[in-house]
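As structure tokens, the structure follows; a few thoughts come after it.
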Amino acid sequence: MSQALQDLLDLLDLEQIEEDIFRGRSRSAVVPRVFGGQVAAQALVAAGRTVPEDRPAHSLHAYFLRPGDPGAPIVYTVDRIRDGRSFTTRRVVAVQHGKPIFHLSASFQVYEDGLDHQERMPDAPDPATLPTGEERLRGYGHLDPTVVERFLEARAAVDLRYVDEPPYGKFGEPREPHSQVWFRTNGKLADDPPPDSVWGDPQLHVVLSTYVSDMTLLDSVLLAHGRGGWAVGDVVGASLDHAMWFHRPFRADEWLLYDQESPSAYGGRGLGQARIYTQDGRLAITVIQEGVVRVPRERGQETGSS
């Protein structure tokens, strides 16, 4: 296991400070605020710690309310909405400086047999044939070296490989609003981890996929308009809301195909939707996210009056 992956697991290992109240810390992100995937993953950890182990998460719905301060702790308060025979529902509020920055609702279910069908996995090249994230990033002479290092540091715990050029690698002309990324953790996760930490959390693979899911989902919005993203300064943006449905078991330390597309952008917002498949073709997760995607105003541009 890489040191970066161990550091990520430690980051997700919340401190319990009272019944149903947990505290998490942050670390530097690609942008100067708390990474949204971190807040979502930590909130899911908090919710999961109030749920019986035989009830894995099957869905989450979340809103990003305010930018998080990476220099301050985050307090997660869990509300036990419902404990039914088959389903358990939790609501989590993340607070910094006395104000909510994030809301999450998550539902957990006892395993049941039932009907089974899925959409076929799309074609994609073998991840072993693709350049690593570091190989791609270090090959882009147009990117500020500081930006490259921030990307590499923020994603060091994840082996993330684009099938085609990412938005910041090739921009200026619109492309199809479709992006594919293979990802897995940068190292294997223990099958028998210690039970007294996030390593032993039965939700661990779901939590890690939640963390990664916020890294690239809005790429397809940028591709549709030939934008390179914040890394080249031609858009500004942030996640607004995020929803995930966990369909089938999977491991976050084995290759997962993140197949992403954007059906719409309008009114300063862009929508990304995606499916995540295991390498053997099982549909594991569906993800939908809307985010703010704005084109920066030209210097000196008149703003008018409202």
Side-chain angles (χ1 to χ4, degrees), residues 4-5 30 37 118-143 147-148 151-152 154-187 205 208-232 234-235 237 239 242 244 247-248 250-265 270-289 291 293:
L5 179 54
V30 176
Q118 68 163 76
E119 186 171 284
R120 186 184 69 85
M121 180 180 180
D123 294 333
D126 188 321
T129 67
L130 301 173
T132 66
E134 181 171 4
E135 289 169 343
R136 277 200 189 274
L137 279 163
R138 295 205 184 281
Y140 295 139
H142 61 276
L143 292 183
V147 170
V148 171
F151 259 115
L152 292 176
R155 297 181 175 181
V158 182
D159 187 348
L160 190 150
R161 306 189 183 195
Y162 279 88
V163 170
D164 295 311
E165 295 288 343
Y168 49 80
K170 178 184 176 183
F171 54 93
E173 295 183 2
R175 289 189 269 163
E176 181 184 0
H178 177 241
S179 176
Q180 289 184 323
V181 173
W182 285 100
F183 73 88
R184 64 182 178 185
T185 57
N186 191 6
H205 294 273
L208 288 168
S209 69
T210 301
Y211 178 86
V212 178
S213 68
D214 191 38
M215 287 183 173
T216 64
L217 186 50
L218 296 182
D219 281 0
S220 51
V221 177
L222 303 177
L223 294 176
H225 300 274
R227 298 283 170 170
W230 85 267
V232 297
D234 61 0
V235 298
S239 303
H242 197 83
M244 302 180 73
H247 307 300
R248 293 171 178 82
F250 63 91
R251 291 186 63 93
D253 57 357
E254 296 177 353
W255 285 117
L256 296 167
L257 177 66
Y258 201 2
D259 188 74
Q260 306 154 95
E261 62 181 353
S262 175
S264 177
L271 185 69
Q273 59 187 25
R275 293 177 174 86
I276 298 179
Y277 295 85
T278 62
Q279 196 168 11
D280 61 2
R282 290 177 292 116
L283 177 58
I285 310 170
T286 297
V287 192
I288 298 179
Q289 181 183 90
V293 183

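Excluded from the calculations below are hydrogen atoms, water molecules and symmetry mates; all remaining heavy atoms, backbone and side chain alike, are included.
- The main-chain N or O of Leu217 is found under 3.5 Å from a side-chain atom of Gln260 such that the two form a donor-acceptor pair.
- Salt-bridge formation is not detected for the pair Asp259/Arg275: no Lys NZ or Arg NE/NH1/NH2 atom is positioned less than 4.0 Å from an Asp or Glu carboxylate oxygen.
- Considering all non-hydrogen atoms of both residues, Phe171 and Gly226 come closest at CB-O, 3.5 Å.
- Using modelled atom types, one side-chain atom of Gln118 and one backbone atom of Leu283 make a donor-acceptor pair closer than 3.5 Å.
- Ser264 is linked by a side-chain contact (heavy atoms from CB on, under 4.5 Å) to nothing, counting only residues two or more places apart in sequence or in another chain.
- When side chains are defined from C-beta on, Val287 counts as touching His242, because their heavy atoms get closer than 4.5 Å.
- One finds the OH atom of Tyr168 at 7.0 Å from the CG atom of Asp219 (value rounded to the nearest 0.5 Å).
- In this structure, the separation between CG on Leu256 and OG on Ser209 is 7.5 Å, given to the nearest 0.5 Å.
- The main-chain N or O of Val235 is never found under 3.5 Å from a side-chain atom of Arg227 such that the two would form a donor-acceptor pair.
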For the pair Phe151 and Met215, evaluate side-chain contact (heavy atoms from CB on, under 4.5 Å) and give the outcome as yes or no after the intermediate values. CA-CA 10 Å; Phe151 259 115; Met215 287 183 173; over 6 Å; no
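- A 4.5 Å side-chain heavy-atom check between Asp159 and Trp255 finds at least one atom pair inside the cut-off.
- Here the CD1 atom belonging to Ile276 is positioned 4.5 Å from the CZ atom belonging to Phe183, to the nearest 0.5 angstrom.
- Going from atom CZ of Arg136 over to atom CG of Leu143 covers 12.5 Å, rounded to the nearest 0.5 Å.
- Between Val147 and Ala231 the shortest heavy-atom distance is CG1-CB, 3.9 Å.
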Pair Thr185-Val158, side-chain contact (heavy atoms from CB on, under 4.5 Å): steps then yes or no: CA-CA 4 Å; Thr185 57; Val158 182; 5.8 Å; no
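- Side-chain atoms of Glu261 and His178 form no donor-acceptor pair, as typed in the model, at a separation below 3.5 Å.
- For the pair Gln279 (side chain) and Pro127 (backbone), a donor-acceptor distance under 3.5 Å is absent.
- In this structure the side chain of Glu119 reaches within 4.5 angstrom of the side chain of Tyr277, judged on heavy atoms.
- The minimum heavy-atom distance between Leu208 and Ala252, with the atom names listed, is CB-CB, 3.9 Å.
- Between Met244 and Thr286, every side-chain heavy-atom pair lies at or beyond the 4.5 Å cut-off.
- Contact check for Ser179 versus Tyr258: no side-chain heavy atoms found under the 4.5 Å cut-off.
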Check step by step if side-chain contact (heavy atoms from CB on, under 4.5 Å) holds for Glu254 and Thr278. CA-CA 8 Å; Glu254 296 177 353; Thr278 62; over 6 Å; no
Criterion side-chain contact (heavy atoms from CB on, under 4.5 Å) on Asp253 and His205, from CA distance to verdict: CA-CA 8 Å; Asp253 57 357; His205 294 273; 3.9 Å; yes
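- Taking every heavy atom of both residues into account, Pro177 and Leu223 meet most closely at CA-CB, 4.5 Å.
- Remark: Arg155 CZ to Thr216 OG1 distance equals 7.0 Å, nearest 0.5 Å.
- The two residues Lys170 and Glu165 have their closest heavy-atom pair at CB-CB, 3.9 Å.
- The nearest pair of heavy atoms linking Ser262 to Leu271 is OG-O, 2.7 Å.
- Taking the side-chain contact (heavy atoms from CB on, under 4.5 Å) definition, one finds that Leu152 meets it with Glu134, Leu137, Arg138, Val148, Glu149, sequence neighbours left out.
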